2 protein chains.
Amino acid sequence: MARRNDHTSQQLSDKIIASAIEFLQHQPIRDLSLRALAKSVGYSAGTLINLFRNYNLLLLAVSGYTLDQIHQQLNDDVTKANKDNASQLIVSLALEYLQFASDHPYQWRQVFEHQLDSGLEINLIHQHKIDRLFCKVEPLLKQLAPQAIELDIIKASRTLWASVHGICLMSIEDKLFMPTQVTSEALIESLINHYLTSWVDNQTKESFYVN
Amino acid sequence: MARRNDHTSQQLSDKIIASAIEFLQHQPIRDLSLRALAKSVGYSAGTLINLFRNYNLLLLAVSGYTLDQIHQQLNDDVTKANKDNASQLIVSLALEYLQFASDHPYQWRQVFEHQLDSGLEINLIHQHKIDRLFCKVEPLLKQLAPQAIELDIIKASRTLWASVHGICLMSIEDKLFMPTQVTSEALIESLINHYLTSWVDNQTKESFYVN
DNA sequence: ATTCCTTATTGAACACTGTTTAAAATATAA
DNA sequence: TTATATTTTAAACAGTGTTCAATAAGGAAT
């Protein structure tokens, strides 16, 4: 067939990503295919390939969309929060993260299941977007322990966020095996409150035993 | 063709799983296929299907093998460890877990990437094997806080192990974005030491503020 | 030994997957 | 109006997991 020009390529890209995101609200990514996605937007598979080069890069774009969405949601949380209680704000961020994962499990999983084929410059952008999430607690940790050295801030932020991520993952996969009285939210709160209690205590004492 | 009978079905199953595990030492699971696996053991695809019913259940068996392997490795760690220091033993278990994930990243990922199709009784066995790992720290937590109630033990064990899992995951996926001076082992130690410090302190004081 | 039945094994067929490619048709420029 | 460039797609290709009928060997009964 021939050119149709009823969308600019940007419009079409957006439409495709939107359709994929919509799909992920109800079904896991492995149930989606390039052809099915093409059909859902009324174009052929080849057109999508022309736009994104291959299916993997298309999925990377979808993943990037989700990361932006999460990023913005967490940002909104920070701006409208009480800035005095940094500790509580970290809990609030983590709970927001868990909330997103719970509300959009398939969409959330797609981001971290996606296997990037190595040696592509576009992957760096993706990696950066994930990094952006991990870094979000850094200024809050500095607020809790202004005298802490940069390396300790990095260590604590990565420890906390990787842990939060682990709890979210196990939660939406139903791999926690807990009585219903214990919620995933409670695990997040337990993690952050206990970790920060000891960490801040340590930083203010400038102790060298636990870091 | 016809029957060959050079293996019992049990021997053949073992051989197939062994071949898959060997593959996972060098390449990710998505690069393996039923046909390639069949060729590697000198049988046809249909034979593997007859044995495992479908490819997904075959992969579940592979995943089960890995979980048993990890379970045993952690058990060995517990038996030959100093039983007086429960806190240090938890760190040791977690580091062993990280070590396995680092040494066999593709094999480790396969376990948790595997999507179980719901409503199968075999999945329960699999879920139980994962549960077994999470529960491993429970007696150690009881040792640290003998007066703690069962629900607090469960909460702390799940929080800790899901967090450890998260750090392992982010570590082998290179998503931590840290300077090389900060190791994944240090994150694990930081997590457990800080969390337990505050948790034990809380439990011995029987405080109601943080749990 | 010979027949019968069961069991293991497989190749071919099927419907799907992502990707490549050449052809076709419209939009734009000359 | 012609020529060129840009979109779009159908068809072909090599791969995937799965189903199924055909086949041949092992074991049991005669």
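All of these numbers come straight from a predicted model, not from anything done at the bench. These numbers come from the heavy atoms of this one structure, side chains and all, not from hydrogens, waters or symmetry mates.
Near-neighbour residues of DNA chain C inside residues 48-61 of chain A, defined by a heavy atom below 4.0 Å, number-ordered: I49(A), N54(A), Y55(A).
The aromatic rings of Y97(A) and F112(A) stand perpendicular to each other, their planes meeting at an angle above 60°, with 30° marking the opposite boundary.
Between the base of dG17(D) and the side chain of R35(B) there is a donor-acceptor pair shorter than 3.5 Å. One cannot find a donor-acceptor pair under 3.5 Å joining the base of dT16(D) and the side-chain atoms of R30(B).
Between the CD atom of Q10(B) and the P atom of dA8(C) there is a distance of 13 Å, given to the nearest Å. Between L34(B) atom CG and dC16(C) atom C1' there is a gap of 15 Å when expressed in whole angstrom units. Between the CD atom of Q11(A) and the C1' atom of dT7(D) there is a distance of 15 Å, rounded to whole Å.
Listed pair S44(A) / dA10(D) fails the phosphate criterion, with no side-chain N or O lying under 4.0 Å from OP1 or OP2. Using a 4.0 Å cut-off, some side-chain N or O of Y43(A) falls inside it from OP1 or OP2 of dT8(D).
With respect to E138(B) and R158(B), a salt bridge is recorded, a charged nitrogen being found less than 4.0 Å from a carboxylate O.
Annotation: R30(B), atom CZ; neighbour count of heavy atoms from other residues, nucleotides and ligands within 6.0 Å is above 12. Other residues, nucleotides and ligands contribute only 12 or fewer heavy atoms inside 6.0 Å of the NZ atom of K80(B).
For the pair L12(A) and A45(B), nearest-nucleotide mapping onto DNA chain D gives the more 5' position to L12(A). Residue A36(A) is the one, among G46(A) and A36(A), whose nearest nucleotide of DNA chain C lies closer to the 5' end (criterion: closest heavy atom).
Within the nucleic acid shown, S33(B) comes within 4.0 Å of sugar-phosphate atoms alone, with no base atom in reach, counting heavy atoms only.
Residues N54(B) and L34(B) are not in side-chain contact: their nearest non-hydrogen atoms beyond the backbone lie 4.5 Å or more apart.
Checked against the 6.0 Å centroid criterion, the rings of H165(B) and W108(B) qualify as a close aromatic pair.
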